[in-house]
Amino acid sequence: MTDRISALISAFGVLCASLLLIGAVRGYQTGSSAIWIAAGALVLLIECITLVRDVRRLRAAPRGSGVD
């Protein structure tokens with residue numbers, strides 16, 4: 001059960017990181033610093049790696065094994 005919750009939280013993290021990156025690009029278009037784009041891309045990359053790790057862990061756990 002905790003693996004499912006972790007995967008769900010990671011999916012929301014990817015969504016939030018995507019919104020951060022979109023906001024950074026829009027801010028850059030209006031004259032903001034390009035560092036925000038780099039930071040947003042880095043956060044998105046980290047969140048995607050975390051989501052992949054959680055999904056692999058979720059798929060590796062056999063169903064009905066009692067592993068939470």
Side-chain angles (χ1 to χ4, degrees):
M1 183 71 176
T2 57
D3 288 338
R4 290 181 186 169
I5 294 171
S6 179
L8 183 64
I9 291 171
S10 295
F12 281 124
V14 169
L15 177 67
C16 292
S18 299
L19 292 175
L20 173 69
L21 184 59
I22 291 169
V25 169
R26 287 185 179 177
Y28 178 72
Q29 289 173 346
T30 61
S32 189
S33 176
I35 293 175
W36 284 105
I37 294 177
L42 182 65
V43 170
L44 182 62
L45 176 67
I46 291 169
E47 289 297 325
C48 286
I49 290 170
T50 304
L51 179 63
V52 168
R53 184 194 65 201
D54 288 342
V55 168
R56 284 183 180 173
R57 185 183 307 146
L58 186 62
R59 296 180 104 199
R63 298 198 187 269
S65 65
V67 177
D68 286 331

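Positions are given from 1 along the sequence. Note that this is a predicted model, so its numbers are computed, not measured.
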Quick one: side chains of residues 29-43, donor-acceptor pairs under 3.5 Å with protein atoms, not counting sequence neighbours, listed by atom name and distance.
residue	atom	partner	partner atom	Å
T30	OG1	G27	O	2.8
S33	OG	I35	N	3.2

Quick check on R53: does its CZ atom have over 12 non-hydrogen neighbours (other residues, nucleotides or ligands) under 6.0 Å away?
yes
dist L51:CG -> L8:CG (nearest 0.5 Å) comes out at 10.0 Å
Note: with side-chain heavy atoms under 4.5 Å as the link, the other cluster members for I49 come out as L45
Sorted by chain and number, sequence neighbours left out, side-chain contact (heavy atoms from CB on, under 4.5 Å) with C48 holds for V14, L44
So the side chain to side chain donor-acceptor pair (under 3.5 Å) pairs with at least one residue in residues 6-20 (sequence neighbours excluded) are S6-D54, S10-D54
side-chain contact (heavy atoms from CB on, under 4.5 Å) filter on V52, not counting sequence neighbours, yields R56
Applying side-chain contact (heavy atoms from CB on, under 4.5 Å) to L58 and not counting sequence neighbours gives D3, R4, A7
